[in-house]
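Worksheet: the structure to be examined is printed underneath.
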Amino acid sequence: MMKILGIGNALLDVLLMLESDETLARLGMEKGVMDLIDERRMLEIHRAQAGLKRNEAPGGSVCNTMRALAALGAEAGYVGKIGSDNAGRFYEQAVRQAGVTPCFVRVEGISGCSTVLISPDGERTMATFLGPAAMLSADEITDDTLCKYDCVYVEGYLISNDTLFLPILQRIRRLGLKIALNLSNFNVVDSFIELWRRVIPEYVDILFANGSEAKSYTGLDAENAIGEILKQVDTAVVTIGEKGALAGSGNTRIHVPAPACTPIDTTGAGDNFAAGFLYGLSAGASLEQSARIGTLLSGHVIETVGPQIPAGSWDEIKLKVNEYVGQSR
């Protein structure tokens, strides 16, 4: 199987369940938006919501994907930058316990944190303090680390880090490894559109996007965007929410519907889809079966609070995944 290394922003997820959306208005936050905040603002939000039901877990988009890959049985590693605080120690321990090989860079100070405020209807609003996560540089990732893997999965948020993004893509390509990339957020696509148009055709083998990100990149709706993206990459996936996902490779185009489920919290849906899809490809599954594994995982994660599928669900999931993989052989 393909060994996959993730590179991303190592952020502790603090999930807060809101009693109403009035809380967002009181904090001056726009529902459904991800805002970058400083340490002072992070502490302010946490103090204001001290009485709410909360959950903490190692997060960051790529970390979520690597944890799900490891749960499926893949060999996965994760590179990120964390602080010397209790949050950083908790983060590393949780990643290791999830079966992912940690490859962390550590610095003195407070670790990054993503505060996810979950509305009663399941919509998530995020306030992210990047901390040391945003200061990871390509020089801190060794070739020895990279060469232990076949494919490197990168989140689009890293494009704002000049010391990491292009230099590490160039090194990964020079080492002959595959590059999978998730566009992460339509605002990120809009803000760096000219750079994306250079990077994607030159470096990316497998591209993940949701409908809004694909439209920001191509100017087209999902059905037409995937064809445009496939002119630039080997494999492309565009997730379309409750309608499922579109995937393509070469001249093949497929649509996979979303499984029936009851959404509670959409946090981590795209991350888990990417894990399922990459696992399918690494296990020799077809494009369609890989996409079905992706929708299987995303369907499970939105039925719970937080970006990780509960441990008790994995036995059932793996039975279904093995069925999909078997159908492709």
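Quick note: numbers below take in every heavy atom, side chains included, and nothing from hydrogens, waters or symmetry partners.
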Item to check | From CA spacing to verdict: salt bridge (Lys or Arg N to Asp or Glu O under 4.0 Å), K215, D221 | outcome: CA-CA 6 Å; K215 186 169 185 178; D221 60 29; over 6 Å; no

Within-4.5 Å side-chain heavy-atom neighbours: [X] and [Y]:
X	Y	value
N182	V154	no
I45	I37	yes
R67	Q308	yes
Y279	V321	yes
V62	I7	no
L27	L24	no
Y203	L166	yes
L15	P307	yes

Item to check | Derivation of the side-chain contact (heavy atoms from CB on, under 4.5 Å) call for E75 and I4 | outcome: CA-CA 6 Å; E75 187 168 336; I4 302 172; over 6 Å; no

Answer yes or no: is there an ion pair linking [X] with [Y], defined by an N-O contact shorter than 4.0 Å?
X	Y	result
E44	R40	yes
D315	K320	no
R198	E194	no
D21	K31	yes
E140	K81	yes

Item to check | Residues that E228 engages under side chain to side chain donor-acceptor pair (under 3.5 Å), provided they are two or more places apart | outcome: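 If we apply the side chain to side chain donor-acceptor pair (under 3.5 Å) test to E228, skipping adjacent residues, the hits are K231.
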
Checklist entry - Considering residues at least two apart in sequence or located in another chain, which fulfil the side chain to side chain donor-acceptor pair (under 3.5 Å) criterion with T304? => result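 With neighbours one apart ignored, the set is empty.
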
Checklist entry - Are V14 and L43 linked, directly or through other ILVMFWY residues, by side chains that come within less than 4.5 angstrom of each other? => result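 Cluster IDs for V14 and L43 match.
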
Next on the checklist: Between I82 and M135, is there shared hydrophobic-cluster membership here, with clusters defined by ILVMFWY side-chain heavy atoms closer than 4.5 Å?
Outcome noted: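 No, separate clusters.
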
Expected list for residues 106-117: side-chain donor-acceptor pairs under 3.5 angstrom, two or more places apart:
| residue | atom | partner | partner atom | Å |
| --- | --- | --- | --- | --- |
| R106 | NE | E92 | OE1 | 3.1 |
| R106 | NH2 | E92 | OE1 | 2.7 |
| R106 | NH2 | E92 | OE2 | 2.5 |
| E108 | OE1 | S84 | OG | 3.3 |
| S111 | OG | G83 | N | 2.9 |
| S111 | OG | D85 | OD1 | 2.7 |
| S111 | OG | G88 | N | 3.3 |
| S114 | OG | T128 | OG1 | 3.4 |
| T115 | OG1 | H46 | NE2 | 2.7 |

Next on the checklist: Are more than 12 heavy atoms, taken from residues, nucleotides or ligands other than Q170, located less than 6.0 Å from that residue's CD atom?
Outcome noted: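 For Q170, atom CD is crowded (more than 12 foreign heavy atoms under 6.0 Å).
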
Next on the checklist: Just checking E316: does its CD atom have more than 12 heavy atoms from other residues, nucleotides or ligands closer to it than 6.0 angstrom?
Outcome noted: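 No, not enclosed.
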
Atom [atom1] of [X] and atom [atom2] of [Y]: how far apart are they, to the nearest 0.5 Å?
X	Y	atom1	atom2	result
L72	I293	CG	CD1	7.5 Å
C103	K148	SG	NZ	7.0 Å
T125	L18	OG1	CG	7.5 Å
W314	L319	CH2	CG	12.5 Å
I168	I179	CD1	CD1	9.0 Å
T218	I226	OG1	CD1	10.5 Å

Residue pair [X] / [Y]: nearest heavy atoms and the distance that separates them:
X	Y	value
I229	A214	CD1-CB, 4.4 Å
F208	I206	CE1-CG2, 3.8 Å
A70	V100	CB-CG2, 3.8 Å
L12	A57	CD1-O, 3.5 Å
S282	M1	OG-CE, 3.2 Å
L297	I309	O-CD1, 3.6 Å

Name each donor-acceptor pair under 3.5 Å that joins a side chain in residues 233-251 to protein atoms two or more places apart or in another chain, with its distance.
| residue | atom | partner | partner atom | Å |
| --- | --- | --- | --- | --- |
| S249 | OG | D234 | O | 3.2 |

[Y] versus [X], side-chain donor and acceptor atoms under 3.5 Å:
X	Y	answer
E288	Y324	no
T163	N161	yes
N185	E213	no
N210	S212	yes

Checklist entry - Is there a salt bridge (Lys or Arg N to Asp or Glu O under 4.0 Å) between R173 and D205 once you walk through the steps? => result CA-CA 10 Å; R173 178 59 74 223; D205 299 295; 3.4 Å; yes

Please check this pair: side chain of [X] against backbone of [Y], looking for a donor-acceptor N/O pair closer than 3.5 Å.
X	Y	value
T295	R292	yes
S184	E155	no
S191	N187	yes
S216	V189	no
N272	G268	yes
N9	G60	no
R171	A138	yes

Item to check | F165: ring pair (Phe, Tyr, Trp, His ring centres under 6.0 Å) partners, not counting sequence neighbours | outcome: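 F165: ring pair (Phe, Tyr, Trp, His ring centres under 6.0 Å) contacts with W196.
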
Checklist entry - What pairs meet the ring pair (Phe, Tyr, Trp, His ring centres under 6.0 Å) rule with one or both residues in residues 69-125, with sequence neighbours excluded? => result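 Ring pair (Phe, Tyr, Trp, His ring centres under 6.0 Å) check on residues 69-125 returns Y78-F104, Y91-F104.
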
Item to check | side-chain contact (heavy atoms from CB on, under 4.5 Å) assessment of C151 paired with L177 | outcome: CA-CA 5 Å; C151 176; L177 311 178; over 6 Å; no

Item to check | Verdict with reasoning, D271 to S61, per side chain to side chain donor-acceptor pair (under 3.5 Å) | outcome: CA-CA 6 Å; D271 306 335; S61 174; 2.7 Å; yes

Checklist entry - R89 and N86: side chain to side chain donor-acceptor pair (under 3.5 Å), yes or no, with the steps? => result CA-CA 5 Å; R89 288 187 287 273; N86 287 334; 2.4 Å; yes

Next on the checklist: Before you tell me yes or no, could you show the steps for K178 and D150 under salt bridge (Lys or Arg N to Asp or Glu O under 4.0 Å), namely the whole-Å CA-CA distance, both residues' side-chain angles and the distance that decides it to 0.1 Å?
Outcome noted: CA-CA 6 Å; K178 284 187 175 295; D150 307 299; over 6 Å; no

